[in-house]
Amino acid sequence: MKGPLAIVLAALAIGPWLLWERRWRDLVLIPWIPLLFAALAVLPWGLAIHEREPGFWRTFIWVEHVQRFLKPDGNQHAEPWWFYLPVILVAALPWTLAVPAALGGLPVAAGDVRLRSWRRLSICWIAVPFLFFSASSGKLATYLVPLLPPIAGLIAIGLVRAFEQRPWFERPTRLQHAPALVLLLLALSTVVAAAATDLPERVWLGGGIWRSAVLAGALATWAGFDLKAIRERDGVRRVLWMGLSPAVLLACFPILYPSALVPESKAPSAFILEHRARLEAAPTIVATEQIAIAIGCELDRYDKLIALAPGELDNGLGHAPEERRLVSGGDLVERLRDLLATGPFSVVGQARHLDPVLAPAIENGLLPAPTDRVEGPRLVIVEFGGDDVPQR
């Protein structure tokens, strides 16, 4: 959660809770303490970035926050009002599957006066921000991440009370063993796939064997902890083991996420580092937004143009003296022709974006034939020399 939205989110949860608790004095006094420290923490950086990028704060506050919430047309990440309904169910997995049992225990937990204030805070923490984000025109699934702790807490309390009130939960049945059996079958299938096929290599684009071993081990651990959980007679211990069951798999998620599903344009670092020498030697680099950001970070090169789709970089490059580095798709060929008079340069981006622009220009004689071309799975480097400038 970034910028003012972090403060807004806290206010949306804590404000209604304080009203519900009738803590009028705290409602007036409490907000000023975090606001004061937030202002003190942001002030030096805020002044420095305003001096370096005068248009940053207008874009950050107005475009990225106010307009994203209010503007229905052409907004960033526009989604329908119901977008977060399925998102919250998926985000809470695997605990979503335990919600029916938890709902059976929550009425019992409601009688516990010690948890009353906490339950109210959890309800406000979930309901009010959920409605706020649903009303926004711009939506991203990750906005709901701050809502997961209170959801997990309510599910845990409901399950503990359900297990304490229903003795039949204490006697494991074949149906309760089914999830562990499915997990063990998945672990076995992972091992077989790694040994008999190239599927893991195609999924992870490298390291398929050891990643398959990690996945199989994590699934087997989940199954083992789940079997331990259903044999526990104490409700708290049972929920604890249920919580630990997927922990290993979730901890390994960063190395188990299928690399084949990551667009190269979103994670171009490997391609850039593979061709580091070539890109460092280029006098000028013309790149699309995501590629330009990666080149700047990986190679510490900022002497580049932004072509075709500048995206959020149009703020920093949209005012003097940087506007010369902002290139629209329609102006790309003309800007490349101007660059030819200054020396060699390289164009970097997705082939599906660059080829429809460069190929006709080369075919019609507006640009010379490239001196070299390097292709990745989706990205491409097209190098042009500065010796031959086609006549206009």
Side-chain angles (χ1 to χ4, degrees), residues 52-53 200-211 253-317 321-322 324-329 331-333 335-359 361-362 367-389:
R52 180 72 180 269
E53 299 287 348
E201 291 297 326
R202 289 190 283 114
V203 169
W204 284 300
L205 304 179
I209 299 298
W210 70 265
R211 293 177 197 270
F253 187 78
I255 62 174
L256 295 178
Y257 188 84
S259 304
L261 296 181
V262 180
E264 197 175 20
S265 60
K266 295 293 185 180
S269 293
F271 179 82
I272 291 169
L273 293 176
E274 180 182 356
H275 303 288
R276 172 192 288 271
R278 183 182 294 269
L279 291 172
E280 287 180 335
T284 303
I285 299 175
V286 182
T288 50
E289 176 197 10
Q290 296 290 341
I291 313 303
I293 293 172
I295 291 174
C297 294
E298 298 291 351
L299 306 183
D300 196 26
R301 286 207 60 175
Y302 300 95
D303 53 331
K304 55 187 175 291
L305 298 175
I306 310 301
L308 297 179
E312 295 183 355
L313 292 177
D314 60 0
N315 169 58
L317 300 177
E322 299 293 336
R324 61 184 175 78
R325 297 167 64 183
L326 185 63
V327 185
S328 66
D331 297 334
L332 177 61
V333 174
R335 293 296 294 274
L336 295 184
R337 287 170 60 85
D338 293 339
L339 279 176
L340 285 170
T342 65
F345 61 89
S346 297
V347 184
V348 189
Q350 295 186 69
R352 65 188 182 93
H353 288 158
L354 293 179
D355 286 344
V357 177
L358 298 181
I362 295 171
L367 291 174
T371 56
D372 202 356
R373 178 185 174 101
V374 179
E375 297 191 18
R378 295 182 180 89
L379 298 182
V380 62
I381 301 174
V382 185
E383 297 181 348
F384 291 89
D387 299 330
D388 182 20
V389 183

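Note that these values count all heavy atoms, side chains included, but never hydrogens, waters or copies made by symmetry.
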In terms of heavy-atom contacts, P268 and I291 come closest through CB-CD1, 3.7 Å
Rounded to the nearest 0.5 angstrom, the CD-CD distance for E280 and E298 is 11.0 Å
Rounded to the nearest 0.5 angstrom, the CD1-CZ distance for I285 and F345 is 12.0 Å
For W204 and Y257, the nearest pair of non-hydrogen atoms, with its separation, is CD1-O, 3.5 Å
message: If we ignore hydrogens and angles and just use 3.5 Å, is the side chain of R373 paired with the main-chain N or O of V380 as donor and acceptor?
response: no
Rounded to the nearest 0.5 Å, the CD1 atom of I381 sits from the CZ atom of F271 at a distance of 4.0 Å
- Are V203 and R211 close enough that some pair of their side-chain heavy atoms sits under 4.5 Å apart? no
Closest heavy-atom pair, P368 versus L340, reported as atoms and distance to 0.1 Å, is CD-CD1, 3.5 Å
Tested for side-chain contact (heavy atoms from CB on, under 4.5 Å) against V348, the lone hit among L279, I272, L354 is L279
dist Q350:CD -> L379:CG (nearest 0.5 Å) comes out at 6.5 Å
Exercise. Under a 4.5 Å cut-off applied to non-hydrogen side-chain atoms, are P370 and E383 in contact?
Worked result: no
Closest heavy-atom pair, A351 versus P356, reported as atoms and distance to 0.1 Å, is O-CD, 3.8 Å
